[in-house]
Protein chains: 2
Amino acid sequence: MSAGSVSLRYFILGLLNQHPMSGYDIKRFLKGLSWLVDSPSFGNIYPTLHALLEDGLATMKVVSQQNKPPRKVYNITNVGRQALHEWANQPVASTMSLKTFVMRLVLAGNFSQERLITHLKRRRDQVADRRSALERATDELGERAGLQRLALDYGLALAATELAWLDNTVNRLSQQPLSLEVVRGD
Amino acid sequence: MSAGSVSLRYFILGLLNQHPMSGYDIKRFLKGLSWLVDSPSFGNIYPTLHALLEDGLATMKVVSQQNKPPRKVYNITNVGRQALHEWANQPVASTMSLKTFVMRLVLAGNFSQERLITHLKRRRDQVADRRSALERATDELGERAGLQRLALDYGLALAATELAWLDNTVNRLSQQPLSLEVVRGD
DNA sequence: AAGCGCATGTAAAAGGTTACATGATTAC
DNA sequence: GTAATCATGTAACCTTTTACATGCGCTT
């Protein structure tokens, strides 16, 4: 999960800040978005939740269900919220994978509208750089039509779409703010 | 690198099959494509090359340079080529990250035009499935406009572009095959 | 001989998946 | 009682990054 990515610890903490969840819930939620975000295994999720408990960043409550075994629902604490904000204030690496971008996008719900827009704009600049790099690489290839050209072509198509989407979204959000209703646990 | 991905061992082997390279060369080449493929560290590359040597899948020759320290250039062996083909014949997981797709696309140069087209078509189907899943998820969200919707929207935009590119490319390649000049090492 | 860029290498630590094991609850 | 689904948990293993260390060849 790491490698210029979002550490699972803070990714989960950010999810908990939006909604109390069990390990199973987290797995299901991320599995549904698995093309857009990392989807860790249970063997990674459960120990991470235990660590959050241990460090006082989250609390746990056993919730009985009908027809189903009980769940352990985790809730972020005030200390956890503070840790999350401190983490979020750290500078972000200048390059970022698609998944990392979307993960931070999801976490952005914990913060302000400005921060969200900043995040999108930074991504925009990054994608523009990437497009330039791909164009340069394409030029260097010259006439040769091969697999590398195919890969570059593919990358350029994606970059163009991403840029358009980001511009569009930044404009839209600037005019009409998103309501960021974060469900606060307690 | 693993986790439904392309193992570094075979990725490097595939690169060597297209062109003899040193560890440093590999690093530089992949760094340039780092948005499209995994870009492993030296601490991963060098030991992998040693293992390929050890297993007889590659040979190594020290090549002196002017003005620069000598390089260790690796070359695939016949045994290595056979291992690569066996690996490539194994069934591929039904879902694949963008990077994994592009990595396999680059490796496809080692194989036939049909295999290349098959790879692209399989990706096409996969992306179509993904789009359906994202559409379903969007419907389930209903009216609520939030970050999750933003993420889904983003995913849908990318999926649409990918589908168009894949269709386009498959058609183009079906009519006008790509010349796959693989530089055979020695 | 000191410094710099190229090039290779390694050990320790971090991060993750796989493959189990356990147990609750319902349905047959 | 046994199979199936939901849910949690753990240990062994694998991969990968990080943070060094080494050395060549040129320049000053």
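Quick note: numbers below take in every heavy atom, side chains included, and nothing from hydrogens, waters or symmetry partners.
Atom CD in B/Gln65 sits about 14 Å away from atom C1' in D/dG23, given to the nearest Å. Atom-to-atom, CG of B/Leu49 to P of C/dT8 comes out at 9 Å; the value is rounded to the nearest Å. The interatomic distance linking A/Phe42 (CZ) with D/dG9 (C1') rounds to 11 Å, in whole Å. Atom CG of B/Asn44 is separated from atom P of D/dT17 by 5 Å (rounded to the nearest Å). As a whole-Å value, the separation of B/Arg71 CZ from C/dG5 P is 20 Å. One can place CD1 of B/Ile45 at 15 Å from P of C/dT10, the figure rounded to the nearest angstrom.
Every residue two or more places apart in sequence or in another chain was checked for a salt bridge (charged side-chain N to carboxylate O under 4.0 Å, His left out) with A/Asp125, and none qualifies.
Under the side chain to side chain donor-acceptor pair (under 3.5 Å) test applied with B/Glu162, the options B/Arg130, B/Gln126, B/Arg124 reduce to a single match, B/Arg130.
Between B/Tyr24 and B/Phe42, the ring planes are parallel. Angles under 30° get that label, and only those over 60° would be called perpendicular.
Counting only heavy atoms from C-beta on, B/Pro69 has its side chain closest to C/dG5 among C/dG5, D/dA7, D/dT10. Taking every side-chain heavy atom of A/Ser41 into account, C/dT18 is the closest of D/dC6, C/dA7, C/dT18. Here the side chain of A/His50 is nearest to one of D/dG9, D/dT17, C/dT10, namely D/dG9. Looking at the side chain of A/Pro40, the nearest of the listed nucleotides C/dA24, C/dT17, D/dT17 is C/dT17. Closest contact between the side chain of B/Tyr46 and the listed nucleotides C/dA7, D/dA7, D/dC24 involves C/dA7. Among the nucleotides D/dG9, D/dA7, C/dT8, the one closest to any side-chain atom of A/Tyr74 is D/dG9. Set against C/dG9, C/dA7, D/dC26, the side chain of B/Lys72 has C/dG9 as its closest nucleotide.
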Would you please test A/Asp25 and A/Ser22 for side chain to side chain donor-acceptor pair (under 3.5 Å) and show each step?
CA-CA 5 Å; A/Asp25 292 336; A/Ser22 71; 3.1 Å; yes
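When the nearest nucleotides of DNA chain C are assigned to B/Asn67 and B/Val73 by heavy-atom distance, the more 5′-ward of the two goes with B/Asn67.
Contact annotation: B/Ser22 side-chain N/O to C/dT8 OP1/OP2 distance is under 4.0 Å.
A pairwise comparison of heavy atoms in B/Pro40 and B/Leu30 identifies CD-CD1, 3.7 Å as the closest pair. For B/Phe29 against B/Met21, the heavy-atom pair with the smallest separation is CB-CE, 3.9 Å.
In this structure, A/Glu135 places its CD atom where more than 12 heavy-atom neighbours from other residues, nucleotides or ligands lie under 6.0 Å away.
Contacts of residues 23-33 of chain B with DNA chain C (heavy atom under 4.0 Å): B/Gly23, B/Tyr24.
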